[in-house]
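Before any comments, here is the structure.
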Amino acid sequence: MKAHYRGTLITALIGDITLQDADGLVNAANSRLAGGGGVDGAIHARGGPAIMRELDIIRARQGGCPAGQAVITGGGKLAARYVIHTVGPVYGGRPSDPEQLAACYLISLRLAHGHGLRTLAIPSISTGAYRYPIEAAAPVAIAAVLDALDTYPLAEVRFVLYSDRDYEIYRRLLAAEKRLKPQ
Ligand code: ADP
């Protein structure tokens with residue numbers, strides 16, 4: 001589906017984020033920046049070892065990356081020029097969970113904007129191995145992205161969902177979101 005928020009095209013689709021031709025991809029990384037399964041594994045597998053080499057340098061400099069923060073690398077062999085590695089919270093039903101999750105999206109858009117990216121593809125952070133229920137995570141994700149766009153506008157934000165069910169949750173929320181204008 002497509003909608004507009006101010007000057008930004010907001011899209012949601014079902015797909016593999018590693019195949020997106022956006023300027024940047026967001027990766028749901030872990031705090032060791034060490035690569036893992038899920039979307040992280042898929043990005044490293046398709047992007048090649050150059051991404052991990054950059055993360056090795058970042059790790060040597062600053063250790064890992066805490067939940068709610070992000071680091072940026074090149075895209076290696078991906079079509080995307082950049083990958084923004086953000087660390088979502090491991091879901092525990094704590095008040096800090098939605099705060100850290102929202103911070104992931106905010107900082108990802110800040111990095112994207114700061115590096116001159118026009119289009120950014122974003123997966124559903126924390127809702128895989130980190131077990132954040134997607135019904136609870138999706139409204140946080142959408143609100144955080146729209147809030148961030150007020151300060152860090154982009155030409156397009158693309159939510160890339162990995163299942164029909166996840167897509168349907170996003171589609172319904174986006175259709176009901178009063179801040180959006182339908183395409
Ligand atoms: P986390 O550890 O933050 O939960 P995961 O990668 O385990 O990260 O899962 C986050 C979401 O990404 C899940 O909804 C999962 O289905 C989805 N996902 C996994 N692989 C891909 C992919 N290649 N493209 C887009 N989304 C993906």
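Order of listing sets the numbers, starting from 1, for every ligand and every atom in it. Each residue takes its place number in the sequence, starting with 1.
Between the side chains of Thr11 and Glu156, at least one donor N or O lies within less than 3.5 Å of an accepting N or O. Checking Asp97 against Tyr130 by side-chain atom types alone, no donor-acceptor pair falls below 3.5 Å.
Residue contacts with ligand 1 do not include Gly88, since none of its heavy atoms lies under 4.0 Å from the ligand. Using a non-hydrogen distance threshold of 4.0 Å, Ala29 does not register as a contact of ligand 1. Contact annotation: Thr18 has no heavy atom less than 4.0 Å from any atom of ligand 1.
Looking at Asp40, its side chain does come within 3.5 Å of a backbone N or O of Gly36 through a donor-acceptor pair.
At a heavy-atom distance under 4.0 Å, only side-chain atoms of Ala42, from C-beta outward, approach ligand 1.
Within the structure, the side-chain hydrogen bond (donor to acceptor under 3.5 Å, both in side chains) test picks out the following pairs touching residues 47-58 (sequence neighbours left out): Asp56-Arg59.
Ranking the protein heavy atoms by distance from atom 6 (O) of ligand 1 puts Val39 N, 2.8 Å first. Atom 4 (O) of ligand 1 has as its closest protein heavy atom Gly128 N, 2.8 Å. Distance from atom 3 (O) of ligand 1 to its nearest protein heavy atom, with residue and atom name: Ser126 N, 2.8 Å.
Of the candidates Thr8, Val26, Ile122, Ile122 is the only one forming a side-chain contact (heavy atoms from CB on, under 4.5 Å) with Leu109.
Of the options Tyr162, Tyr130, Tyr132, the smallest heavy-atom separation from atom 18 (N) of ligand 1 is shown by Tyr162. Which of Cys104, Pro123, Ser124, Ala28 comes nearest to atom 10 (C) of ligand 1 through a heavy atom is settled by distance: it is Ser124.
For ligand 1, the atoms sitting less than 4.0 Å from at least one non-hydrogen atom of Thr127 are 4 (O), 11 (C), 13 (C), 14 (O), numbered in the order shown with element in parentheses. Against a heavy-atom cut-off of under 4.0 Å, Asp16 is close to the following atoms of ligand 1: 22 (C), 23 (N), 24 (N).
Taking only nitrogen or oxygen atoms, main chain and side chain alike, Ala129 reaches within less than 3.5 Å of ligand 1. Taking only nitrogen or oxygen atoms, main chain and side chain alike, Ile17 reaches within less than 3.5 Å of ligand 1.
Ring geometry for His113 versus Tyr152: interplanar angle of 30 to 60°, hence tilted.
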Exercise for review: Could you check Arg165 against Glu168 for salt bridge (Lys or Arg N to Asp or Glu O under 4.0 Å), going step by step and ending with a plain yes or no?
Suggested key: CA-CA 5 Å; Arg165 180 174 171 271; Glu168 190 53 28; over 6 Å; no
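Put simply, the side chain of Thr18 does not reach to within 4.5 Å of the side chain of His44, judged on heavy atoms.
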